[in-house]
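Structure first, then comments.
Computation of the quantities below employed the complete heavy-atom set of this structure, encompassing side-chain atoms and omitting hydrogens, waters and symmetry-equivalent molecules.
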Amino acid sequence: MLNPTRSDPPRLAWLFDIDGTLLITEGASREAFVRAFAQRFGLEDDLRDIRFDGRTEPLILGDILTKHDLKLEDGDEAAFWNAVFDHMREILVPPRGRLLPGVEHLIDRVGAREDWVMGLLTGNMSEMARIKLARFGLEHRFAFGAYGEQAVDRDALARGVGARIGRDYGLTSRRC
């Protein structure tokens, strides 16, 4: 992600989620998980009973493993994530997906302010976030990010990025 140099510290940090806030993938994430699950574990499951929205991707994987009473062996988790990312790159291509109305304008306006900094706060793994943002040319628009692999719980993820913003930019959570 972009790490802009500023003459003065920002006075406000904007934190954006990705799915349902910046863009819609039209089910591509779930489809990538379905394909990777079949590829890595040899089991077919449409995962319709697994909740994806508002959750971190590691938590989603945990629910899938629990549902099928599976345990990961050494190297299985990395191989699964690599398969998910590979499938996402194949699936999330034009014309699939779209930016939500006003997103480009908002990001342009926020990004133009020298006293504001933009970051991500998403349950997506960092590579999944990069794939999604790259599909719409947004991958270099954010100075920092908090991603699913950094904390399973979204509240802990938010606390962590808040602390990092305080350390890196001198902003309190009220300025986020």
Check [X] against [Y] and note the closest heavy-atom contact, atom names and distance.
X: G123; Y: P58; answer: O-CD, 4.3 Å
X: I18; Y: A129; answer: CD1-CB, 3.4 Å
X: I165; Y: C176; answer: CD1-SG, 3.7 Å
X: A28; Y: R96; answer: N-NH2, 3.4 Å
X: L157; Y: G148; answer: CD2-N, 4.4 Å
X: E139; Y: A134; answer: OE1-CA, 3.2 Å

Would you indicate whether the side-chain heavy atoms of [Y] and [X] approach each other to under 4.5 Å?
X: R135; Y: M88; result: no
X: E77; Y: L61; result: yes
X: W14; Y: L106; result: yes
X: D115; Y: P10; result: no
X: L65; Y: F41; result: yes
X: L121; Y: F16; result: no
X: E57; Y: E149; result: no
X: M118; Y: F144; result: no

Cluster overlap [X] with [Y], hydrophobic side-chain contacts below 4.5 Å:
X: V34; Y: W81; value: yes
X: L59; Y: I50; value: no
X: M128; Y: F142; value: no
X: V110; Y: L100; value: yes

Residues D63, R51; criterion salt bridge (charged side-chain N to carboxylate O under 4.0 Å, His left out); working and verdict
CA-CA 9 Å; D63 286 353; R51 189 173 146 235; over 6 Å; no

To the closest 0.5 Å, what do you measure between [atom1] ([X]) and [atom2] ([Y])?
X: N124; Y: Y147; atom1: CG; atom2: OH; value: 9.5 Å
X: L99; Y: I24; atom1: CG; atom2: CD1; value: 10.0 Å
X: E104; Y: R109; atom1: CD; atom2: CZ; value: 14.5 Å
X: Q150; Y: M125; atom1: CD; atom2: CE; value: 9.5 Å
X: D86; Y: E127; atom1: CG; atom2: CD; value: 9.0 Å
X: L23; Y: L138; atom1: CG; atom2: CG; value: 7.5 Å

Residue list, side-chain contact (heavy atoms from CB on, under 4.5 Å) with D155, at least two apart or on another chain
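Testing D155 for side-chain contact (heavy atoms from CB on, under 4.5 Å), a comparison that skips the adjacent residues, returns D153, R159.
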
Does L22 form a side chain to side chain contact (heavy atoms under 4.5 Å, CB included) with I107? I'd like the steps, not just the answer.
CA-CA 9 Å; L22 298 175; I107 288 175; 4.0 Å; yes

Inter- and intrachain pairs under salt bridge (Lys or Arg N to Asp or Glu O under 4.0 Å), touching residues 17-28, at least two apart:
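Listed by first then second residue: D17-R154, D19-K132.
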
[Y] backbone acceptor or donor facing [X] side chain under 3.5 Å:
X: T56; Y: V152; value: yes
X: R175; Y: R11; value: yes
X: D76; Y: E73; value: yes
X: R30; Y: L47; value: yes

L12 and L171: CA distance, side-chain angles, deciding distance, side chain to side chain contact (heavy atoms under 4.5 Å, CB included) verdict
CA-CA 7 Å; L12 186 67; L171 296 173; 5.7 Å; no

Side chain to side chain contact (heavy atoms under 4.5 Å, CB included) assessment of V117 paired with Y169:
CA-CA 9 Å; V117 64; Y169 296 99; 3.8 Å; yes

Can you check salt bridge (charged side-chain N to carboxylate O under 4.0 Å, His left out) on K67 and D45, steps first, answer last?
CA-CA 10 Å; K67 174 184 176 181; D45 185 343; 2.6 Å; yes

Would L70 and F37 satisfy side chain to side chain contact (heavy atoms under 4.5 Å, CB included), going step by step from the backbone distance to the final call?
CA-CA 11 Å; L70 295 171; F37 184 70; 3.8 Å; yes

Can you sort out the partners of F80 under ring pair (Phe, Tyr, Trp, His ring centres under 6.0 Å), two or more places apart, ordered by chain and number?
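Only F33 meet the ring pair (Phe, Tyr, Trp, His ring centres under 6.0 Å) criterion with F80.
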
